[in-house]
Every structure is written in C-alpha cells, then in structure tokens.
Q: 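Sharing a structure below in structure tokens format, with a few things to ask.
All values below come from the heavy atoms of this structure, side chains included, with hydrogens, waters and symmetry mates left out. Each ligand, and each atom within it, is numbered from 1 in the order the structure gives.
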Amino acid sequence: MCKEESMKADLTLQETLGGLRVYLEELAETGVDGLPLAAGVETSETASPGFISEATPETGRETLDEIRQSMGECGRCSLGDGRTNLVFGVGNPHARLVFVGEAPGRDEDLKGEPFVGEAGHLLTKIIQAMGFERSEVYICNVLKCRPPNNRDPLPSEVEACGSFMLRQVRSIGPQVIVALGRFAAQTLLSTNTPISKLRGQFHDYHGIPLMPTYHPAALLRDAALKRDVWEDMKQVMGLLGKEVSGKGK
Ligand code: URA
C-alpha cells in the first residue's frame, strides 16, 4: 500500500472507530454495558495498540486530541468546502465549565478558534467577571465550520457534526455547561422553546446541568439583556462554588 493509501485507510479506520464509540456510549445510556465478543475477536490483551485502546486509561474516556483526529479533514457536510479552518474548540481539557455556541463566524473561521470576534471579546469579559481565565474553561460550538453568510445551521449539518460536540463534552466531563444563544440551547435540549423561556434555570444535558443564556452577539445588539445573562451566570457560579461579586452587573 502506498503512503497516501495507508493514510486514507488510517483516517477511515479512525472515523469508523469514533462512530462506534458514540454508538456504544448511546447503548450504555440505555443500560447496555457490554456486547458479546464474536469468536476470533481480539481482546484487550491481544489487541495491537490502536485508537480505542489509546483512551485515557484512568478515565476510560477518549481525549480531545483523539476526537479531533477522528474528524480528520472533515467533509461530512458541504460546509467543509467553504471553510478556511475547522474550528474544533479551545481551552482546558479538564474544565469544570464548558461554553457551547452555534457555529464559527468569519473571524473564527480565519483564526481557527471559537469566539474571537467582537462577541468573543464580550464572552471573555463574562468569563473573567465569573472569576475564571478564558484558558480555564472550554469553549466550542455545535458546528465546527462556518455556515455561509452566518446563516442558521441546517438540520443535516447538525446531524453530521453534533455528535463531535457531545463527545467533547463527555471527554471533558464538566460540572456545568452554558449554552450560548437560541440555536445552541434549542439544539442541545432538543426543543423549540424560545431562549427567553429556557434561560434562567438549569436543564439536564446527558446528566450535566446546562444553563441556557443569551448569545453575546445578542448583548451587543441589546445591552439590556446583560442583566439577565449576569443573573444566569450567577447561578452557574453558585453551582461551581464561586464567590458572586458585583463585577458583572
Ligand atoms: N458565534 C458563535 O456562536 N460561535 C463562535 O465561535 C463565534 C460567534
């Protein structure tokens, strides 16, 4: 096999194993915690070092690097055709707090990092007002590539990409998630309820408390929403045992 074919085969194998992992995690949630081995299947003793056996031994979770690798040069939806960079996520792989936005915008696409434009600067200020450095939390989006003209993501794009965000969250194992804006909140909670009704209380996302709040871009358009966001963040800080100061008002 030539080098290029071997690299392609590696990528395909990693994508298949990544999909298998998500399937097994979903099975585990329904109470199935093991599958019978077919005759001749390698056990962990006989298996050669590979993708699954590289999961962090102490937690049994796949690492963020492994998830990124399994995305490869992603072309699962057409957004891959127009991107400059795939925007995977940034921050502490063991963060107690994860922020999830919608999808990269222009600045993020150019830099390959989420929330680096004007809305991103406001998010950084919110994070700091909560008593964290940006590097202490983890920030990602539902979609990893920029939709053209910042249009809303399509259901087919969420279908193709959303499982990576869930895998990121599972890898990190945060104590709280903040969903930024209508699209992220409604997608993570599988609901059409307006963000104004979702925000202000914790919801359950795969066993993790999730606080929906307004998107920082919405705060740039309407500063009056800042008060509500700060109320939401105070609840998040309370859950994380952070001292609530008057800083964010
Ligand atoms: N808006 C988002 O939802 N995500 C980003 O990364 C930037 C802007």
Q: Starting at CE of M165, measure out to CD1 of I177 and round the result to the nearest 0.5 Å.
A: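 Here the rounded value is 7.5 Å.
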
Q: Can a non-hydrogen atom of A103 be found less than 4.0 Å from any atom of ligand 1?
A: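 The answer is yes: ligand 1 sits under 4.0 Å from a heavy atom of A103.
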
Q: Of the non-hydrogen atoms in C145 and A103, which two are nearest, and what is the gap between them?
A: O-CB, 4.2 Å

Q: Please state which protein non-hydrogen atom is closest to atom 4 (N) of ligand 1 and give its distance, to 0.1 Å?
A: N141 OD1, 2.8 Å

Q: Hey, does G101 come in under 3.5 Å of ligand 1, counting only N/O atoms on both sides?
A: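 No - when backbone and side-chain N and O of G101 are compared with those of ligand 1, no distance drops under 3.5 Å.
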
Q: Taking atom CD of E159 as the centre, does the number of heavy atoms from other residues, nucleotides or ligands within less than 6.0 Å exceed 12?
A: no

Q: Give the numbers and elements of all ligand 1 atoms closer than 4.0 Å to a heavy atom of E102.
A: 2 (C), 3 (O)

Q: Using heavy atoms and a threshold below 4.0 Å, how should the contact between A184 and ligand 1 be classified: side chain, backbone, both, or neither?
A: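 The answer is neither; A184 stays 4.0 Å or more away.
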
Q: If you apply the rule salt bridge (Lys or Arg N to Asp or Glu O under 4.0 Å), what do you find for E66 with R61, and how did you get there?
A: CA-CA 10 Å; E66 286 167 344; R61 294 179 191 152; over 6 Å; no

Q: As an exercise, state the distance from CG of L154 to SG of C77, rounded to the nearest 0.5 Å.
A: 8.5 Å

Q: Would you say ligand 1 has an N or O under 3.5 Å from any N or O of H215?
A: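 Yes; the residue has a nitrogen or oxygen that sits under 3.5 Å from a nitrogen or oxygen of the ligand.
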
Q: For ligand 1, which atoms have a heavy atom of P114 less than 4.0 angstrom away?
A: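 Near P114, the atoms of ligand 1 are 6 (O).
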
Q: To the nearest 0.5 angstrom, please state how far the CD atom of Q175 sits from the CZ atom of R96.
A: 4.5 Å

